[in-house]
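Take a look at the structure set out below.
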Amino acid sequence: MMKKLEGSLVSLLFAGLGIGGVVYGARTWMPELASRHGAGIDAMLHYLLVTVGGLFCTGYLVLGYLIWRGSRRTAIGPRFASRKTERFLSGALGLAMAAIAEGGVLAIGMPVWQEYFASAVPPDAVTIDITAQQFAWNVRYPGPDGRFGKTDPQLVDDTTNPLGLVRDDPAGKDDIVTLNDIAVPVNRPVRIQLRSKDVIHSFFLPNFRVKQDAVPGMTPEVVFVPTRTGEFELACAELCGLAHYRMRGFFHVLSAPQFDDWLRVQAAAASAK
Ligand SMILES: [Cu+2]
């Protein structure tokens, strides 16, 4: 009697911990959504949580039932089913689980992938060049002419010219450079070209469900549409060195006129220098 009680209490404790963890985690799980493609990513995560979580719970309930049923037997009884049926059931259940989990993810995820990685860059996209380094984000806008000025690795100087800008290139005259500070207009595609000067960093905007590695020698791009104004956090999601935690930036989503004002203020501040 005591043993049974003990067993029940222990199993209740673990079940409670598990269920409590899921309830707590599901409530505080994801930061407020602020991009168009992010809804698809959230749908995929929710789908996985519900289906795989459901399969997991069903599996354990069945296991619990069989243990309970088996524990009341005193002798080894006949098999529940023939070997052939057993084999068929295991195979079919395994395949069904894979189809539910993987099939669902593909069905929900492929259109998101298409929008995020495989569609042409819209012509009205705001292009921003972001160069990660230990331990900051160098942000560059092409300015009114829409062209970035040349850079030269020979000219890189961490205090005076972190990007190695060629100062006398006419295309670069109107470029706007900021540090850890990005602004974009709402509801317009943003195209980010990522670079790294040293090690692998990862450009992570949790609210926009955007995460892309910045790899030295490559220029990966991300295109997404912010749908909500406000100030959001930019973090580096790759442990990139001792001050990795300092790679925090701000991502401001502004209305179109506010964004134009912001660009003007930045340009004025640059020419005043
Ligand atoms: Cu980093």
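Reckoned from all heavy atoms, side chains included, excluding hydrogens, waters and symmetry mates. We count ligands from 1, going down the list as the structure has it; atoms in each ligand are counted the same way.
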Per side chain to side chain contact (heavy atoms under 4.5 Å, CB included), N138 is matched among T178, N180, L179 by L179
Between D175 and R167, does the salt bridge (charged side-chain N to carboxylate O under 4.0 Å, His left out) criterion hold? Intermediate values first, please. CA-CA 10 Å; D175 287 7; R167 303 279 188 203; over 6 Å; no
Taking a hydrophobic cluster as the set of Ile, Leu, Val, Met, Phe, Trp and Tyr residues connected by side-chain heavy atoms closer than 4.5 Å, whether directly or through intermediates, do I192 and L163 fall within one such cluster? no
From S196 atom OG to I200 atom CD1, the distance as rounded to the nearest 0.5 Å: 8.0 Å
Are the aromatic ring centres of F232 and F208 under 6.0 angstrom apart? yes
Is the distance from the ring center of F251 to that of W137 below 6.0 Å? no
I'd like to verify the contacts: list protein N, O or S atoms under a distance of 2.8 Å from the Cu ion (ligand 1). H201 ND1, C236 SG, C240 SG, M247 SD
